[in-house]
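A quick write-up on the structure given underneath.
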Amino acid sequence: MAEEKVLSIEEGTIAYLEEKNGIVMKRYRGIGKKAIVPESIEGKPVISIARKAFLSCKTLREIVLPNSIEEIGDWAFAHTEELRTITIPRRELTRGKELFLGCKRLREIQLLGTEEEQLQDKKDGINRMLAAAVTILRDYFLFTPTEVRGDAWITRWDEQLLKLVRLDDLDGFEELWTCGEEDYEGKDYDIKSYPVEKRKMKLRMIYFRLLHPYKLAETVKSELQQYLHDHTKGTKEPEAWEVLLEEHSEDIIYYQVFTEAGCVTEENFDDLLSDMQNVNAQMKAYMLKYKEEHLTKRDAFAAFELDW
């Protein structure tokens, strides 16, 4: 049986085994925020990340895997709770189960490639789509680097998003309750707050997808916009406006998505503007211009009036 060895890296160590075809990384230990797995050790390629290799690493925010990796084992990154970004090869990978279980803060799964490829992935939102696939949509069939960007991959991703949007807002609450998690404090576990937070989660995903409409089918776009419209200011559940105002009040592209979905009406405009008292002037100007161009009723005879 091969002897386990240890390699020191920046702010940590990697335990590994030398096998016939290459190196298996068994375990990471460290206190750093970033772990870079080397492409080779002792002249042999690092080909595998073993099961639970990064399990419960509390400080890591970023992990970079080399292009040599061919296999990732069960729960490899599970409960690495501060993990924001991981970089993986743009190649076919053999993967285990629940790789990112408990990685609630994971925001991006980046694919190795040329600078041009990586820039395009970022622009189209591919990195975030991959991360959401395994954390929010919980569909590991989408963790397929070689199929990313393909029509079938995009279609499946959007189908999973629509399933999420259509779920009852109390879906999952009973599971928390029966597990005894109702004893925890916080908005995620309160029966009144749970559906509100569930809708906000759905709306964050909807805003993201509409802001990154790569190969977005018109039917999908229409349903996502309708959900925004159904949760605008003045409705019983106005979380579409709350998410925008609480989290993106200074980002004009969110207002553009909001207005394109028909969320601004003559009935709710004054209330929307009132809510924007502490928002910068550019955003208010955008909303006023939108009202003038889309909501203001013009006198049909005004064009014929003479300027005396």
Side-chain angles (χ1 to χ4, degrees), residues 107-109 111 116-169 171 198-245 247-248 251-269 272 283 286-287 289-296:
R107 185 174 176 83
E108 291 188 327
I109 297 179
L111 299 175
E116 183 179 353
E117 285 175 326
Q118 290 182 324
L119 286 172
Q120 194 62 49
D121 283 346
K122 191 172 186 66
K123 177 183 177 183
D124 293 335
I126 298 300
N127 301 338
R128 291 184 62 186
M129 290 179 79
L130 263 172
V134 296
T135 57
I136 298 175
L137 303 181
R138 299 187 61 79
D139 184 353
Y140 276 89
F141 285 105
L142 290 167
F143 189 70
T144 48
T146 56
E147 296 179 16
V148 167
R149 290 187 168 278
D151 291 347
W153 190 89
I154 293 292
T155 297
R156 184 181 178 101
W157 198 96
D158 283 335
E159 286 174 350
Q160 295 300 92
L161 174 58
L162 291 180
K163 284 182 183 179
L164 174 69
V165 170
R166 294 165 185 166
L167 274 178
D168 187 278
D169 292 330
D171 181 79
K198 191 90 170 185
R199 286 191 292 273
K200 286 185 176 181
M201 179 269 287
K202 294 177 183 180
L203 286 157
R204 291 183 190 105
M205 290 288 288
I206 289 171
Y207 274 120
F208 162 74
R209 189 63 176 112
L210 293 174
L211 285 166
H212 299 86
Y214 179 72
K215 292 187 177 181
L216 180 62
E218 283 300 319
T219 53
V220 178
K221 179 180 179 179
S222 178
E223 184 166 343
L224 299 181
Q225 288 182 322
Q226 185 63 50
Y227 191 89
L228 279 181
H229 181 270
D230 291 345
H231 295 85
T232 188
K233 183 78 173 180
T235 63
K236 185 179 178 181
E237 300 162 348
E239 288 86 9
W241 175 242
E242 291 173 3
V243 168
L244 190 160
L245 198 63
E247 302 173 17
H248 305 284
D251 198 339
I252 199 166
I253 59 175
Y254 279 83
Y255 291 91
Q256 291 168 348
V257 169
F258 188 75
T259 55
E260 187 180 345
C263 295
V264 179
T265 66
E266 290 184 24
E267 291 74 23
N268 70 11
F269 183 84
L272 292 171
M283 307 304 144
Y286 173 82
M287 294 290 276
K289 183 178 180 182
Y290 180 86
K291 179 185 180 183
E292 181 183 353
E293 293 179 351
H294 299 275
L295 302 180
T296 303

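Keep in mind that what you see is a predicted model, and the values were worked out from it rather than measured.
Between Cys263 and Thr232, the shortest heavy-atom distance links the atoms O-OG1, 2.7 Å. Here the closest non-hydrogen pair linking Arg156 and Leu142 is CD-CD2, 3.8 Å.
A donor-acceptor pair under 3.5 Å is absent between the side-chain atoms of Ser222 and the main chain of Glu218, judged by distance alone. Using a distance-only test at 3.5 Å, with no hydrogens or angles considered, a donor-acceptor pair links the side chain of Asn268 to the main chain of Lys233. A donor-acceptor contact shorter than 3.5 Å links the side chain of Lys198 to the backbone of Asp171.
A distance of 12.0 Å separates CD1 in Ile206 from CG in Leu211, rounded to the nearest 0.5 Å. Atom NE2 of His212 sits about 8.5 Å away from atom NZ of Lys122, to the nearest 0.5 Å. Between atom CD of residue Gln225 and atom CD of residue Glu260 there is a gap of 5.0 Å, rounded to the nearest 0.5 Å. Going from atom NE2 of His248 over to atom OH of Tyr255 covers 10.5 Å, rounded to the nearest 0.5 Å. Taking CG from Leu111 and CG from Asn127, the interatomic distance works out to 6.5 Å, rounded to the nearest 0.5 Å. To the nearest 0.5 Å, atoms OH (Tyr227) and CZ (Arg199) are separated by 6.5 Å.
Using a 4.0 Å cut-off between charged side-chain N and carboxylate O, Glu247 and Lys200 make no salt bridge. In summary, Lys202 and Glu239 do not engage in a salt bridge, as defined by a charged side-chain N under 4.0 Å from a carboxylate O.
In this structure, Phe143 and Tyr140 have perpendicular ring planes: the angle between them is above 60°, well past the 30° mark.
The side-chain heavy atoms of Met205 and Leu137, taken from C-beta on, include a pair separated by under 4.5 Å. Side-chain contact between Leu130 and Asp121: absent, with no pair of heavy atoms (C-beta onward) separated by less than 4.5 Å. Between Arg149 and Gln120, the closest side-chain pair of non-hydrogen atoms falls below 4.5 Å. Counting heavy atoms from C-beta outward, Leu162 and Leu224 have side chains that approach closer than 4.5 Å. The closest side-chain heavy-atom distance from Asp158 to Lys215 is not below 4.5 Å. Side-chain contact check for Val264 versus Lys291: every heavy-atom pair is 4.5 Å or farther apart. Contact annotation: the side chain of Met129 never approaches that of Asp124 to less than 4.5 Å [non-hydrogen atoms, C-beta and beyond]. The side-chain heavy atoms of Gln256 and Tyr286, taken from C-beta on, include a pair separated by under 4.5 Å.
Evaluation of the side-chain contact (heavy atoms from CB on, under 4.5 Å) rule for Ala240 yields Leu203, Tyr207, Leu228, His231, Phe258 as partners, not counting sequence neighbours. With sequence neighbours excluded, the residues satisfying side chain to side chain donor-acceptor pair (under 3.5 Å) with Asp230 are Gln226. The side chain to side chain donor-acceptor pair (under 3.5 Å) test applied to Asp168 returns no partner, not counting sequence neighbours.
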